[in-house]
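Here the structure comes first, spelled out in structure tokens, and everything after it is commentary.
Quantities reported herein were computed from a predicted structural model and do not represent experimental measurements. Throughout, a chain's letter reflects where its sequence line sits, starting with A, and its residues are numbered from 1.
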Amino acid sequence: MKKLKQKDIMIVGQDPDMNGRAKKILNEALVKAGFNPKKLSYTDVLEEGLPDGKRVTKTMLRDRIPQVQKRVKKVDPKLMLLLGNTPCEALLGRSGIRNLRGKPIDHEGRVVLPIYHPNYALHDEKWVSVIEGDVRRLKECLDFGGIPEEKGLDYTIVDTEKKVQQMLKDLTGTVAVDLETSRLYPFMTMLDELIASKKASPNDIKDHKATHNGNLPAVVAMQFGCRKRQWVVPMETAGVWSKQRLRWIVKKVSKALKKCITVFHNGKFDCLWMKVRFGAKWKVDFDTMLAHYLLDENDQHGLKYLAQKELGVPDWDIDGKEKTEWSPDNAKYAAHDVYYTRLLKPIFAKRLSEDYEVNRVFKHIMMPCVGLFVNAEYQGVYINLKQMDDAEAYLREELSKAQTNLEPWAAKAKKVDAKTGKINWGSSDQLADLLFNVLKIKSVEKTKGGKESTSESVLLRIDHPMVNDLLKFRAATKQLSGFIEGWKPFLDTEGYLHPVFKLHGTVTGRLSCEHPNLQQVPRDPRIRTLITAPEGWTLMEMDLSQIELRIAAELANEENLLQIFFEDGDPHWQTAIREIERGGGRKKEMIKTAKAHHKMEGKKYKKMKYHEAVEYVLSIGGDEAVNAVKHWTETKQLKEAFVNWKEDRKKAKAINFGYLYGMWWKKFKLYARDNYGVEVTDKEAEASRVAFFDLYPAFPKWHKRQRRFANANGYVRSLSGRKRRLPHAMSHRDTPQRREAERQAINSPVQSFANELNLMAALEMAKYFPKKAFRIVGTVHDAILMMVRNDHVKAVWDHGLRIMSGPELLQKFEIDLKVPICADGTIGPWGAGISYEKWIEKYGEVKQKDIEIEYA
DNA sequence: TACTGGCGCGCG
DNA sequence: AAAGCGCGCGCCAGTA
């Protein structure tokens with residue numbers, strides 16, 4: 001090819017009215033890559049620009065295609081840079097800039113390189129580096145005189161015995177590992193079975209396609225990135241190796257990998273697949289995704305994106321469907337994955353090593369969690385299928401009852417579903433029209449989008465016979481679609497769900513969970529108790545009690561609150577009773593509760609005044625107050641309790657967290673109204689906030705410290721050293737975004753450390769408890785869910801609760817807490833578990849074994 | 001027909 | 001000028 005010059009390049013934009021800042025981004029990228037922007041030629045699809053306020057339409061674009069093609073022909077550039085989707089549509093006849101960008105294409109004898117339009121980087125400057133990388137790619141094309149080959153990529157498809165031997169010999173030192181799979185979920189589900197046996201209904205198949213891409217689970221390829229070359233092994237669906245031979249290869253590879261430093265990008269995924277499909281046990285020494293997550297939790301962590309950003313390489317992505325089956329294209333794609341993963345490792349490792357504290361979180365919490373959650377996801381949670389059927393029948397009955405009751409109103413609806421011609425009670429739009437336009441009910445509230453709100457809190461304020469059934473309809477559909485129907489596509493053939501935990505799922509360090517989300521299972525026993533353990537095993541839950549308040553007390557050094565914890569008190573109960581006392585409410589109930597408690601305890605009761613009763617009720621604690629009322633109700637044979645202290649405590653909990661994290665009294669007013677139907681005046685609401693900070697005076701000072709630190713540094717750290725970057729906190733103006741960042745600066749270290757304590761405890765339990773009798777099946781922020789063999793219940797109960805209240809990893813992090821940490825536990829179906837004492841009463845015949853723990 | 005954004009609501 | 005934090009999911013409506 002003839003040597004190319006800068007004048008052979010043409011840049012094609014959308015219209016000449018490019019934003020000044022965007023122009024600057026493009027020019028800087030060009031200069032950085034070594035171009036002289038003045039030597040390049042330019043044109044735009046819409047050469048004359050647009051009148052103010054007009055948007056580009058498809059027809060407009062179509063009209064200009066011949067003209068822009070003519071101009072291109074006239075200049076006859078050898079290289080073209082296309083800015084954004086519009087020029088791609090005009091000149092390539094294709095759209096989808098996300099997929100097209102960064103990949104030079106040979107089009108009608110020209111090298112064409114689409115990139116993001118510089119305007120795209122205006123709302124988020126992280127795209128600047130992507131654009132710069134792509135422009136560098138243009139320079140490479142110029143220098144090479146065409147589309148350059150990648151230098152370090154040299155991959156071999158392992159399809160002969162000889163190549164297997166060569167590959168096994170090459171598996172030493174640092175090896176990047178990755179898989180291509182037929183879908184994202186490795187378990188054979190009940191739906192898979194139905195479909196394989198061709199008994200599935202069309203509806204089931206629809207579900208299956210939505211969840212699993214329509215494929216059965218299989219590993220398509222297994223790749224290794226070594227020092228000089230990459231190895232791609234065709235796997236289950238490729239038909240290259242027999243099943244038996246494949247198992248042998250996996251065995252050999254697994255053995256070799258034990259001695260390597262293994263690098264993965266989201267290794268949990270690959271290890272889980274290998275465990276499910278081949279029973280292989282792989283370790284992850286370095287995970288580039290988790291490393292980047294700790295280096296910038298606000299950014300994206302995808303491999304393509306990171307390779308682009310850190311290495312400035314072109315996108316090597318192929319069509320989503322191609323990845324699910326074996327092909328030479330897929331093999332090339334697979335080789336890229338490991339090649340770049342291996343290149344990213346030293347970059348992130350160095351960056352981590354520059355921050356001792358963050359690196360420590362990576363080494364001692366994040367990386368060990370990979371193995372823990374491979375096992376947890378592999379195990380899954382056991383579902384009581386019989387009870388699930390019962391729950392489904394019940395909810396369907398509830399639903400149909402509600403619908404029948406709503407029938408008279410359905411006829412009046414004007415805005416209806418286009419297909420059925422009837423109102424869809426699930427449509428907020430149609431419902432709003434019926435309520436506020438047809439029935440002329442006065443609207444109370446609008447949503448942010450300016451529509452009439454039909455939220456629960458609005459419905460509750462409407463006086464209309466429909467309301468009750470509408471709420472019942474919503475509750476039943478929510479449970480049915482979210483948990484009964486929602487779980488079915490994920491149920492495996494043994495009756496287990498396998499939720500996926502994302503270790504990089506949140507900005508604070510908490511985990512998120514999906515497919516399905518175990519962390520949002522309703523507390524309603526009808527749903528929650530569906531999660532239990534199989535025959536011979538028991539479900540156990542352990543949680544860190546009031547952990548966020550304890551950590552806040554520690555961080556703020558809030559002596560009043562610390563004192564409550566030293567005395568084993570209950571701050572939520574304290575707030576509840578003090579709140580009521582301040583308003584002078586519940587006179588009768590307070591005295592009656594004190595009396596009931598005396599009676600229940602068999603103590604002599606002396607008549608009390610209100611304030612005496614308050615102190616007494618406060619001193620006995622929330623649980624005892626509830627018991628006393630229950631006892632009274634039973635002995636007097638009353639149908640309803642005279643006061644629901646549990647509700648009061650719940651309400652106080654929300655107040656504590658709200659004010660702790662910066663809630664303003666106006667929101668408290670809304671909260672009191674929506675949750676408890678209490679109309680609080682402005683004055684009362686303000687007073688409650690003042691009272692909270694009077695009770696805990698160190699909190700405002702701590703808030704101030706956190707704000708100051710974030711303002712000055714743009715980040716905060718949790719006790720473990722994990723960083724939460726808050727760039728908006730550094731703004732010099734007092735903007736809503738800065739305020740938001742400041743509240744996050746208060747909340748993040750608390751939420752973050754609570755989660756870390758929980759993970760530390762989970763890691764320790766997994767380390768010391770025997771796998772044959774103990775499995776962690778999930779975590780829910782401040783709680784651990786586990787499955788325990790019946791003969792180990794006592795041992796896990798004793799050791800587990802002790803571990804949670806002070807995991808050994810705290811020493812490694814040099815953390816010495818003032819505040820006592822307490823753990824609670826329950827044994828039995830989730831949400832209906834009992835204490836060990838009660839459990840052993842029931843299952844006394846199960847002989848208990850002890851666990852020997854040898855501490856390191 | 002498939003994707004995106006807003007909303008409402010489940011959880012901590 | 002406006003003021004709890006952190007998630008995932010189902011549904012609807014708008015868009016291409």
Take the protein atom [atom1] of [X] and the nucleotide atom [atom2] of [N], then report the distance between them rounded to whole Å.
X	N	atom1	atom2	result
A:D207	C:dC9	CG	C1'	14 Å
A:L480	C:dC9	CG	C1'	15 Å
A:H504	C:dC7	NE2	P	12 Å
A:I547	B:dC11	CD1	C1'	18 Å
A:L549	C:dC5	CG	C1'	13 Å
A:L670	B:dG8	CG	P	14 Å
A:N85	C:dA16	CG	C1'	11 Å
A:F501	C:dG8	CZ	P	12 Å

Whether A:Y661 and A:F657 hold their rings parallel, tilted or perpendicular, with breakpoints at 30° and 60°: parallel

Qualifying salt bridge (charged side-chain N to carboxylate O under 4.0 Å, His left out) pairs with a residue from residues 657-670 of chain A, counting only residues at least two apart or across chains: A:K669-A:D682

Side chain proximity check, A:F373 to A:L511, heavy atoms < 4.5 angstrom: yes

Pairwise side-chain contact, A:I784 with A:D543, heavy-atom cut-off 4.5 Å (strictly under): no

Under 4.0 Å protein heavy-atom contact, by nucleotide of nucleotides 10-15 of chain C - B base, S sugar-phosphate only: SSSS--

NZ or CZ of A:R689 within 45° of A:F668 ring axis and under 6.0 Å: no

Test: A:R528 cationic atom under 6.0 Å from A:W830 six-membered ring centre, within 45° of axis: yes

Distance test, side-chain N/O of A:R724 to OP1/OP2 of C:dC5, below 4.0 Å: no

Under-4.0 Å side-chain N/O to phosphate OP1/OP2 contact, A:R474 with B:dC9: yes

A:K646 atom NZ, neighbour heavy-atom count above 12 within 6.0 Å: no

A:H504 atom NE2, over 12 foreign heavy atoms within 6.0 Å: yes

Residue pair A:E548 / A:N747, side-chain donor-acceptor N/O under 3.5 Å: no

Residues A:N758 and A:T779: side-chain donor-acceptor under 3.5 angstrom: no

Stretch residues 511-524 of chain A: residues that reach within less than 4.0 Å of DNA chain B through a heavy atom: A:Q519, A:Q520, A:V521, A:P522, A:R523

Proximity to DNA chain B (any heavy atom under 4.0 Å), residues of residues 686-709 of chain A only: none

Donor/acceptor link under 3.5 angstrom from A:Q751 side chain onto base of C:dC5: yes

Sugar-phosphate only, base, or nothing, as touched by A:R528 at under 4.0 Å among non-hydrogen atoms: sugar-phosphate

Sugar-phosphate only, base, or nothing, as touched by A:V750 at under 4.0 Å among non-hydrogen atoms: nothing

Tell me whether the centres of the aromatic rings in [X] and [Y] are closer together than 6.0 Å.
X	Y	value
A:Y715	A:F709	yes
A:W127	A:Y305	yes
A:F699	A:F693	no

So does [X] pair up with [Y], basic N to acidic O under 4.0 Å?
X	Y	value
A:R474	A:E398	no
A:K650	A:E647	yes
A:E392	A:K488	yes

Degree of bending in the helix from B:dT1-C:dA16 to B:dG12-C:dC5 once both end axes are built from five pairs, to 10°: 0°

Residues A:V45, A:Q14; criterion side chain to side chain contact (heavy atoms under 4.5 Å, CB included); working and verdict: CA-CA 5 Å; A:V45 176; A:Q14 178 178 298; 5.5 Å; no

Where do N or O atoms of nucleotides 1-3 of chain C meet protein N or O atoms at under 3.5 Å, pair by pair?
{"from": "C:dA1", "atom 1": "N1", "to": "A:D734", "atom 2": "OD2", "distance (Å)": "3.1"}
{"from": "C:dA3", "atom 1": "N6", "to": "A:W664", "atom 2": "NE1", "distance (Å)": "3.4"}

